[in-house]
Asker: 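Just dropping this structure here.
Excluded from the calculations below are hydrogen atoms, water molecules and symmetry mates; all remaining heavy atoms, backbone and side chain alike, are included.
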Amino acid sequence: MDFIRETNRIYQKDESGKLLAEITFPEVMDHIVNINHTFVDESLGGRGIAGQLVQAAAEQIRASNLKCVCTCSYASRWFGKHPEFQDILCKDH
């Protein structure tokens, strides 16, 4: 899926403008963002879209030389299964 990327948000809409998938990761401190929300429309359920969103966010966070915390339960579980992205997790917060 081709996502639309913004500084602290990655998402996808359909042709009519309806939000289909989204992950948000606002900055909460200098160089630290919080992955606080992951959404996938039920019409896309079971396709791995949420995982794709978290991976896209993790890659963007890494490329921006940032660290992250996760208050989104899905993102927290995803990071637990992907040790290759542990380097961007902020363990102090």
Asker: Find the distance between CD1 (Ile35) and SG (Cys72) and round it off to the nearest 0.5 Å.
Answerer: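 Rounded to the nearest 0.5 Å, the CD1-SG separation comes out at 7.5 Å.
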
Asker: Kindly compute the distance separating OG1 (Thr24) from CD (Glu6), expressed to the nearest 0.5 Å.
Answerer: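 Reported to 0.5 Å precision, the distance equals 11.0 Å.
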
Asker: Same cluster or not: are Val54 and Tyr11 linked, directly or through other Ile, Leu, Val, Met, Phe, Trp or Tyr residues, by side-chain heavy atoms under 4.5 angstrom apart?
Answerer: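 Looking at the clustering, Tyr11 is in a separate group from Val54.
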
Asker: Show every side-chain hydrogen bond (donor to acceptor under 3.5 Å, both in side chains) that has at least one partner inside residues 44-60, sequence neighbours left out.
Answerer: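 Checked against side-chain hydrogen bond (donor to acceptor under 3.5 Å, both in side chains) - neighbours excluded - the pairs reaching residues 44-60 are Gln55-Glu59.
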
Asker: Once you round to the nearest 0.5 Å, how far does CG of Leu89 lie from OG of Ser76?
Answerer: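 Leu89 CG to Ser76 OG: 8.5 Å, rounded to 0.5 Å.
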
Asker: Can you name the side chain to side chain contact (heavy atoms under 4.5 Å, CB included) partners of His82, sequence neighbours left out?
Answerer: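 Here the qualifying residues are Trp78, Glu84, Phe85.
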
Asker: Rounded to the nearest 0.5 Å, what separates atom CD1 in Ile10 from atom CZ in Phe25?
Answerer: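 Spacing of CD1 (Ile10) from CZ (Phe25) equals 4.0 Å.
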
Asker: For Ala50 versus Thr38, what's the shortest heavy-atom pair and its separation?
Answerer: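 Reported closest heavy-atom pair: CB-CG2, 4.1 Å.
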
Asker: Can you find a heavy atom in the side chain of Asp41 that is under 4.5 Å from one in the side chain of Asp14?
Answerer: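 Side-chain contact under 4.5 Å: no.
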
Asker: Only pairs at least two apart or in different chains count here, so list each salt bridge (Lys or Arg N to Asp or Glu O under 4.0 Å) that has a residue in residues 61-71.
Answerer: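 Sorted result for residues 61-71: Arg62-Asp87.
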
Asker: Scan Leu53, Asn8, Val40 and name whichever one has a side chain to side chain contact (heavy atoms under 4.5 Å, CB included) with Ile23.
Answerer: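 Single pass found, and it is Leu53.
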
Asker: So which pairs with a foot in residues 20-38 pass salt bridge (Lys or Arg N to Asp or Glu O under 4.0 Å), sequence neighbours left out?
Answerer: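 Every pair satisfying salt bridge (Lys or Arg N to Asp or Glu O under 4.0 Å) with a residue in residues 20-38: Arg9-Glu22.
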
Asker: For Asn34, give me all partners under side chain to side chain contact (heavy atoms under 4.5 Å, CB included), at least two apart in sequence or on another chain.
Answerer: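 For Asn34 the side chain to side chain contact (heavy atoms under 4.5 Å, CB included) partners, ignoring immediate neighbours, are Val28, Asn36, Val69, Thr71.
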
Asker: Can you list everything that forms a ring-ring contact (aromatic ring centres under 6.0 Å, His included) with His37? Sequence neighbours excluded, please.
Answerer: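 If we apply the ring-ring contact (aromatic ring centres under 6.0 Å, His included) test to His37, skipping adjacent residues, there are no hits.
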
Asker: Could you state whether Phe79 and Phe39 fall into the same hydrophobic cluster, counting links through intermediate Ile, Leu, Val, Met, Phe, Trp or Tyr residues with side-chain heavy atoms under 4.5 angstrom apart?
Answerer: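 The answer is no; the residues belong to distinct hydrophobic clusters.
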
Asker: Say you draw a straight line from OG1 of Thr7 to CZ of Arg5; how long is it, rounded to the nearest 0.5 Å?
Answerer: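 Thr7 OG1 to Arg5 CZ: 12.0 Å, rounded to 0.5 Å.
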
